[in-house]
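Below: the structure, in structure tokens.
Reminder, nothing fancy here: chain letters follow the sequence lines and each chain counts from 1. Owing to the predicted nature of the structure, the values given are computational and were not obtained by experimental measurement.
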4 protein chains.
Amino acid sequence: MGVKERKKMEKQMRRSQILGAARKLLLSRGMDNISISKISRESQLGVGTIYFYYKSKEDIFIALQEEGLSLLLDIIQQIHGQKKLPSDRKLVKIADAYYAFTRDQQEYYNIINYFLSSPRIFFNEDQKNHVDMAGSRILQVIQEIVLHGIDTGYFNKTDPKKFSIMFWATLHGLVQFKKLEHTALHNENIQQVYDYSVQTMVQMLHKKGEE
Amino acid sequence: MGVKERKKMEKQMRRSQILGAARKLLLSRGMDNISISKISRESQLGVGTIYFYYKSKEDIFIALQEEGLSLLLDIIQQIHGQKKLPSDRKLVKIADAYYAFTRDQQEYYNIINYFLSSPRIFFNEDQKNHVDMAGSRILQVIQEIVLHGIDTGYFNKTDPKKFSIMFWATLHGLVQFKKLEHTALHNENIQQVYDYSVQTMVQMLHKKGEE
Amino acid sequence: MGVKERKKMEKQMRRSQILGAARKLLLSRGMDNISISKISRESQLGVGTIYFYYKSKEDIFIALQEEGLSLLLDIIQQIHGQKKLPSDRKLVKIADAYYAFTRDQQEYYNIINYFLSSPRIFFNEDQKNHVDMAGSRILQVIQEIVLHGIDTGYFNKTDPKKFSIMFWATLHGLVQFKKLEHTALHNENIQQVYDYSVQTMVQMLHKKGEE
Amino acid sequence: MGVKERKKMEKQMRRSQILGAARKLLLSRGMDNISISKISRESQLGVGTIYFYYKSKEDIFIALQEEGLSLLLDIIQQIHGQKKLPSDRKLVKIADAYYAFTRDQQEYYNIINYFLSSPRIFFNEDQKNHVDMAGSRILQVIQEIVLHGIDTGYFNKTDPKKFSIMFWATLHGLVQFKKLEHTALHNENIQQVYDYSVQTMVQMLHKKGEE
DNA sequence: CATGAATGAGCATTCATTCAT
DNA sequence: TATGAATGAATGCTCATTCAT
């Protein structure tokens, strides 16, 4: 019995050994520079071994993406959990947290972003469902906040689902514009635009005249 | 001098010959299927010749991106040029046109998106200035519309530049979410969210109570 | 002794378990898609276990070949057993049965064919005797029929062994030509050639003038 | 002009350099042991170079097969060209020549045989046509001989095409049985069976009674 | 007996790039 | 200028086999 458990532990360890190597490569060299043989070299494991634990390169990417998403989700849920915080503050804080995430966990952001924006289809139906559901949790949290704001009469009535998607898409789009700061955007500071946008969207939710 | 000019002309012709082949491959086979040797075959030019005119594959991509951007810019400017159209209608039409563009000119959209979402930095200083200016013109048009709306008292006062960037980023972000329609978005129709978002943003610009 | 016997039984069971998995893979996925690890997965046994019972992939193929041959032999013997059937009818029926076998049991046919047409020598002395005897039985049956035909004065005198080998080789060769039907054979229907050949060979056996 | 021709010559040389290496590997190690990288090593050329001259592994196989077929065809046509030889003697000589070919040019025989008997589909439609047409020439020669024999009243009337296919298939099948000589065939000498079969088939063609 | 983790050579193919002509 | 032959590293992935437990 102890044997079985140890085996299981070791298996877990190998998986994280592989993921560790992949993560290291991801963080140091970027998405386009990961290959199975590089992971093999980095992890000191044979290529066959990599394939024993992950049945394709995509599976490894998925695991990494899930890491990133769950990291982000944790942050967001931690904010969501602050019962005393009013709904609008929650949205602002979440937006800020996302901006910080894209800055501080750049490569995790990159990997999430990579799959979202690539025209290529990387994942089969199963994989897609698996991954996207993780991302869907984030949208759900925002939706819950909006819904709660509406229910308590704090926010105007609006389609909470549509609003949440717009909200998140706006943040997402703005972050991608960051690299245009000094060219197309003529030195307009993206972070300020980001703050402006968040504020604007949140104000939209507030009942006119009340405030 | 006549000689010099002819030489320059010929050089231009070769470049457009190459670009033509690349464009054909882009539109017919997609981004991931362009390689120098394929361009060589398609353009009836030697690989060496390709390299003489474009020093790397990325340079060709950049040129194609410019094409796509200028295509999009044309559409937008054509809308902008409709003097009789009120500012809010213009914004809606531009948004609709962009959505249509991402649908109908998918490969051009993909290549624009590719550079925008890639974590890598592709451009040297020269290329940056040269290329992104095309994208910047789009934002300028929107900005002009917003500004004109404010100046004529049609829109609320708001930072026109920041608003334009937000506006565009939202559209851009939403289009990228399209691929999540059936997973993370739980079958929420993105086009409807897109319309909702455009409407919402435009309404924000309108003076309260007036309309 | 009872223990020894049970051990032997269990060993047989394991072997047939492995063979069952291999057969399933053979019939469903074809020869080229069998690998030890696939057999391992299919049979619910560890790869090491497979190697314990069969010391190589080829050994498993040989076992499958035997299966196929014995399947074919059964069909042929069933025909041979029809006492009332005249010798010439038997030959025709056997030929037809073989043709049907190559069509309906394609993967068994493929594996038999594989060993027969491969330039490599797969068998060690042991395997040779063991395996080929199955094939040899088929020839014996034909030989018996021919011999009986001659003995009863139904057929001309000819070397029964040589004739049988020629008979079988012709069928075998023709089946292999099937894939040339639309190219080298210029749409000549192989089945018709097959029938023609069988008839021709059988007529050769008949006494001239009689019938 | 001289330059162009030399280039062409050099290109031819490279092709035969590659084919030479492939042939050498084929003859020394057998079909299953050829890989592009082995050809690359053997020919002292980079793998990329191989692919520059042959666009796939299959193309190389085809070239080799064509070599073999044309070798065989030459022999057969040389016999066919002997105007004085009666039709039956021609058939016997061709059969003998084929038997000798399978013995003396074993690896060429193996490669032809390999593709004929493999259940796998190696070639696309184009490649198949290309190759099989070469094989079809052999059958045509036999057919011509049979037809000529019939026309001159030397042979019985029979379907010349069907007969030719049967004739060749029988030879082909018998050669494949060679490896069973000491097992399934119980030491019956295949060459004798071969001779017996050829004689038998040729006699069938002769008018009864005349001879 | 039975396991299944680990291996690493091997596969066909693509590619951006160089360079002698 | 223009060519296209040559390169060889790189890719994702499979597989038969071994061996410590």
Task: 5' precedence on DNA chain F between C:Y51 and B:K11 (nearest-nucleotide basis) - done: B:K11

Task: Minimum side-chain heavy-atom gap B:I60-B:I50 below 4.5 Å - done: yes

TODO: Please name the pair of heavy atoms, one in C:L64 and one in C:Y108, separated by the smallest distance, quoted to 0.1 Å.
DONE: O-CE2, 3.7 Å

TODO: Would you write the dot-bracket representation of DNA chain E, where each base gets (, ), [, ], | or . depending on whether it forms a Watson-Crick or G-U pair under 3.5 Å and with which partner?
DONE: .||||||||||||||||||||

Task: Distance, rounded to the nearest Å, where B:I60 contributes CD1 and E:dC15 contributes C1' - done: 14 Å

Open item on the list: Using whole Å, what does the distance between atom P of nucleotide F:dT1 and atom NZ of B:K8 come to?
Closed with: 12 Å

Task: Side-chain N or O of D:R6 closer than 4.0 Å to phosphate OP1/OP2 of E:dT21 - done: no

TODO: Please round to the nearest 0.5 Å and tell me the distance separating atom CD1 of C:I34 and atom CG of C:L25.
DONE: 6.0 Å

Open item on the list: What is the separation between atom CD1 on C:I18 and atom P on E:dC1, rounded to the nearest whole Å?
Closed with: 13 Å

Task: Separation of B:R15 CZ from B:Y54 OH (nearest 0.5 Å) - done: 4.0 Å

Open item on the list: Please give me every residue in residues 34-49 of chain A whose heavy atoms get under 4.0 Å of an atom in DNA chain E, ordered by residue number.
Closed with: A:L45, A:G46, A:V47, A:G48, A:T49

- [ ] Check the distance between F:dG4's C1' and D:M9's CE and give it to me in whole angstrom.
- [x] 19 Å

Open item on the list: Rounded to whole Å, please give me the gap between OH in B:Y54 and C1' in F:dA2.
Closed with: 17 Å

- [ ] Say whether, by atom type as modelled, one donor and one acceptor occur between the side chain of A:S40 and the main chain of A:I36 under 3.5 angstrom.
- [x] no

Open item on the list: Rounded to whole Å, please give me the gap between CZ in A:F61 and C1' in F:dG12.
Closed with: 11 Å

- [ ] For nucleotides F:dT21 and E:dC1, find the distance between their P atoms and express it as a whole number of Å.
- [x] 22 Å

Task: Check: B:Q17 main-chain N/O paired with B:S43 side-chain donor or acceptor under 3.5 Å - done: no

TODO: Would you mind reading off the distance between B:N33 atom CG and E:dC15 atom P, rounded to a whole angstrom?
DONE: 7 Å

Task: Main-chain N/O of C:Y53 paired to C:R14 side chain as donor or acceptor, under 3.5 Å - done: no

Open item on the list: So, taking the atom named CG in B:L26 and the one named CD1 in B:I111, what distance separates them when rounded to the nearest 0.5 Å?
Closed with: 5.0 Å

Open item on the list: With nearest nucleotide decided by heavy atoms, which residue, C:I50 or D:K55, maps closer to the 5′ end of DNA chain E?
Closed with: C:I50

Task: Value in whole Å for how far the C1' atom of E:dA12 lies from CG of D:D59 - done: 13 Å

Open item on the list: On DNA chain F, does the nearest nucleotide to C:S56 precede the nearest nucleotide to B:E10 from the 5' side, or the other way round? Give the residue.
Closed with: B:E10

Task: Side-chain (D:K24) to main-chain (D:L19) donor-acceptor, under 3.5 angstrom - done: no

Open item on the list: Both B:K57 and C:Y53 contact DNA chain E. Which one's nearest nucleotide lies toward the 5' end?
Closed with: C:Y53

